[in-house]
Amino acid sequence: MEEKPQFKWGVVLVSCIAIFIIVLDSSAMNVAISAVVVDLHTDLSTIQALIAIYALTMASLMLAGSKLQDVLGRKKTLLIGLIVYGIGTTTATLSVNVIMLLIGWSLLEGIGAALMLPATTTMVSAAYEGKDRLTAFGIWGGIAALGAAIGPLYGGALTSFATWRLIFCVRAARCPRRNRDEDRTCASQSHVLRGVT
């Protein structure tokens, strides 16, 4: 019996979903600052500091996240990052003060993003060769740019018509879905993920 062809773009699909959510996070919250200030009874400089801490946490731990892949494997590192990011997102959604938002968004989400982001690039690099690799990275970069572009619109719409907390809440709901997507991808591309892990 002829073997059924496998969907070869599953790895880049999972990677793009992850990078899209990470990039969307930063750009969406920039337009929700005033609402967060009022809701958490704080000031503008404090929320701007939380945004900076999130970026610094992610950037400073990026090399550690890359190194962790050598110890645990790329797939496991991505999953750990996804879990940490999901916990941070849930904490940020339920924030009642600045401290909770600092822990959930700036720290936990920053750590999760630092684990996920390097894993997405190395998984794509390991899964494809030649023109397929160029295409995959082109898609990856395009999705990242798309997340940055629509983030302000997304954040502004949720802040104006609902609440800024939905920016985090919607992402928390996406975490289990990303987990299932990756499991299906791993099953359909086991020959690729043996090299990835």
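Hydrogens, waters and symmetry mates play no part in the numbers below; they use all other heavy atoms, side chains included. Quick note: residue numbers are just sequence positions, from 1.
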Inset, instruction - Would you mind reporting whether Ile22 and Thr120 have side-chain heavy atoms less than 4.5 Å apart? - result: no
Inset, instruction - Without swapping roles, check the side chain of Thr122 against the backbone of Ala119 for a donor-acceptor pair under 3.5 Å. - result: yes
Legend entry - Co-membership, hydrophobic cluster, residues Val71 and Ile83, 4.5 Å side-chain: yes
Inset, instruction - Kindly give the heavy-atom pair with the smallest separation between Pro118 and Ser66, and that separation in Å. - result: CB-OG, 3.2 Å
Legend entry - Same apolar cluster: Ile87 and Ile99, side chain cutoff 4.5 Å: yes
Legend entry - From CH2 (Trp140) to CG (Leu13), nearest 0.5 Å: 15.0 Å
Legend entry - Side-chain touch Thr135/Trp9, heavy atoms, less than 4.5 angstrom: yes
Inset, instruction - Drop me the distance from Thr121's OG1 to Ile19's CD1, to the nearest 0.5 angstrom. - result: 8.5 Å
Legend entry - Value rounded to 0.5 Å, distance of CG in Asn97 from CD1 in Ile103: 8.5 Å
Inset, instruction - Can you see which heavy atom on Ile167 is nearest to which on Thr159, and at what distance? - result: CD1-OG1, 4.1 Å
Inset, instruction - Identify whether Leu40 and Leu44 are in the same connected component of the hydrophobic contact network (ILVMFWY, side-chain heavy atoms under 4.5 Å). - result: yes
Legend entry - Heavy-atom check, side chain of Asp70 versus side chain of Lys67, under 4.5 Å: yes
Inset, instruction - First locate atom CG of Leu102, then atom CD1 of Ile47, and finally report the distance between them rounded to the nearest 0.5 Å. - result: 10.0 Å
Inset, instruction - Compare every heavy atom of Tyr85 with every heavy atom of Ile21, then report the nearest pair and how far apart it is. - result: O-OH, 3.7 Å
Legend entry - Distance in Å, Ile139 CD1 paired with Asp132 CG, rounded so as to fall on 0.5 Å steps: 9.5 Å
Inset, instruction - Just do the side chain to side chain contact (heavy atoms under 4.5 Å, CB included) check on Trp164 and Val38 with the steps written out, would you? - result: CA-CA 11 Å; Trp164 61 270; Val38 173; over 6 Å; no
Inset, instruction - Would you check if Met29 and Leu50 make a side-chain contact, meaning some heavy-atom pair closer than 4.5 Å? - result: no
Legend entry - Closest contact, heavy atoms only, Thr42 versus Thr46: OG1-CB, 3.3 Å
Inset, instruction - Can you spot which of Val36, Asp39, Leu94, Leu158 makes a side chain to side chain contact (heavy atoms under 4.5 Å, CB included) with Arg165? - result: Asp39
Inset, instruction - Considering non-hydrogen atoms only, spot the tightest contact between Ala144 and Val23 and give its length. - result: O-CG1, 3.3 Å
Inset, instruction - Tell me, with the steps shown, if Trp105 and Ile51 meet side chain to side chain contact (heavy atoms under 4.5 Å, CB included). - result: CA-CA 9 Å; Trp105 179 34; Ile51 295 175; 3.2 Å; yes
Inset, instruction - Determine, using the 4.5 Å side-chain heavy-atom cutoff (strictly less than), whether Leu63 and Leu72 are members of one ILVMFWY cluster. - result: no
Inset, instruction - Kindly give the heavy-atom pair with the smallest separation between Gly156 and Val31, and that separation in Å. - result: N-CG2, 3.3 Å
Legend entry - Linked, directly or transitively: Ile53 and Met58 (ILVMFWY side chains, under 4.5 Å): yes
Legend entry - Ser95 side chain to Leu101 backbone, donor-acceptor under 3.5 Å: yes
Legend entry - Any side-chain heavy-atom pair of Leu166 and Phe161 under 4.5 Å: no
Inset, instruction - Could you grab the distance from atom CG of Leu68 to atom OG1 of Thr77, nearest 0.5 Å is fine? - result: 4.5 Å
